[in-house]
**Q** 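Below are the structure tokens for one structure; questions will follow.
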Protein chains: 2
Amino acid sequence: MTTGECSDLFVRHFPFWEQLSPQQRDFLCRSAHTAHYEKGASIHRGDQDCVGVILVKSGQVRTYLLSEEGRDVTLYRLFAGDVCMLSASCVLDTITFDVCIDAEEDTDVLIINAAAFHQLSDENIYVKCFGYQLITTRFSDVMWAMQQILFMGVDKRLAIFLWDEISKSGSDQIHMTHEQIARYMGSAREVVTRMLKYFAGEGIVELSRGGIRILDRKRLRTLTE
Amino acid sequence: MTTGECSDLFVRHFPFWEQLSPQQRDFLCRSAHTAHYEKGASIHRGDQDCVGVILVKSGQVRTYLLSEEGRDVTLYRLFAGDVCMLSASCVLDTITFDVCIDAEEDTDVLIINAAAFHQLSDENIYVKCFGYQLITTRFSDVMWAMQQILFMGVDKRLAIFLWDEISKSGSDQIHMTHEQIARYMGSAREVVTRMLKYFAGEGIVELSRGGIRILDRKRLRTLTE
């Protein structure tokens, strides 16, 4: 990555860039590198590593909680232009929990080395503030997910999930197993299967070996409201 | 509140105090007032008000989510010396969720007017950073609670709840209904009653009309691990 490419990315995605000294800018560029993750690859795994601050250049990453029993609950997804701070949680002493982060599609990222980010945020209050402010935004995302899980009926949650999937892909066909959907929703496969059969009975979806086809977008939409 | 009392509180609990100009300090003191809440009183209720930044001087406050159906889930509790930012969420544009805050005991607080805090955090990056950093700490508290709710067995959660209660009060007697315990745990009354009966059958607790008595602290402790 050239200095020009580096500063171009930082100017666009890191508002603290203009508060840095020339030396700090140079240090930051030397501490950042690009990386590519294949679809399904693990980017960050709980407390076992400390990747650093990640800017998603293209693709999609999913952040989730993983229980000791292997149950996982999606917290939020990030897309091109989003910045992930929890992959650098080791350098933020107010963050005491661990998450896992996977590439959900082929994904290109810019990674700022965790130790370098830590040093800069000690030197420069704007860098520090950027990190905490961003985490606060993710806190809001997580609270939204939690309120879905804790309070909303499974029908509504499933409808929202299916609606989001077809909105993202632009297709009425969803190629996922009930098991995968259950994991994304933080629910059990049995619960998802039961509800999908109910949706099928109502003519909202059609189930097949290959996945789920949406037959009635309008009714699905109504269920999400 | 005199200027001396005010600056004494701020020096001890708000690290940004030393970064303020004399004018800003004066403005902050004029924008803060003390208040008393009786046990059980509502301090902040979702999006219906915007109290401001709250310093707990004595007592205890509970922050919780409330669903449309009236189900509530405790996020965290704050004690003397703790600062609550979510009661000023209206001035933090990265916070898009609403919580409720009640006094759990007779509680004395210092309240910084929300608009004044907003103005100061626009003027002074240290004030802004303080707010976001504090919210990040609460994010960790909330994630701890969420992992309990999502992943842990009810027996372990109930044991932890009972253990925390007797540790706080120093007494083996807990004067709460099953309904109250279920609300604090984010569970259903039936589930709590069933598990308490199981604990009673095991000789860990004794149930009576007045509440719960812990008979076997050692086994209760083991269940929390």
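Labels below follow one simple rule: chain letters A, B, ... track the order of the sequence lines, proteins then strands, and each chain is numbered from 1.
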**Q** Grab the two heavy atoms, one from B:Ile95 and one from A:Ser140, that are nearest each other, plus how far apart they are.
**A** CA-OG, 3.2 Å
**Q** Looking at A:Phe139 versus B:Phe139, is the centre-to-centre ring distance below 6.0 Å?
**A** yes
**Q** Which distance, rounded to the nearest 0.5 Å, do you find between the CG of A:Leu134 and the OG1 of B:Thr94?
**A** 9.0 Å
**Q** Take atom CD in A:Glu18; do more than 12 heavy atoms of anything else shown fall under 6.0 Å from it?
**A** no
**Q** Around atom CZ of B:Phe79, are there more than 12 heavy atoms of other residues, nucleotides or ligands at under 6.0 Å?
**A** yes
**Q** More than 12 non-hydrogen atoms from neighbouring residues, nucleotides or ligands closer than 6.0 Å to NZ on A:Lys197, yes or no?
**A** no
**Q** Find the distance between OG1 (A:Thr136) and CZ (B:Arg138) and round it off to the nearest 0.5 Å.
**A** 12.0 Å
**Q** For B:Val99, is it the side chain, the backbone, both or neither that has a heavy atom under 4.5 Å from a heavy atom of chain A?
**A** neither
**Q** What distance do A:Thr96 atom OG1 and B:Met143 atom CE have between them, rounded to the nearest 0.5 Å?
**A** 9.5 Å
**Q** Under a 4.5 Å heavy-atom cut-off, does chain B meet the side chain of A:Leu75, its backbone, both or neither?
**A** side chain
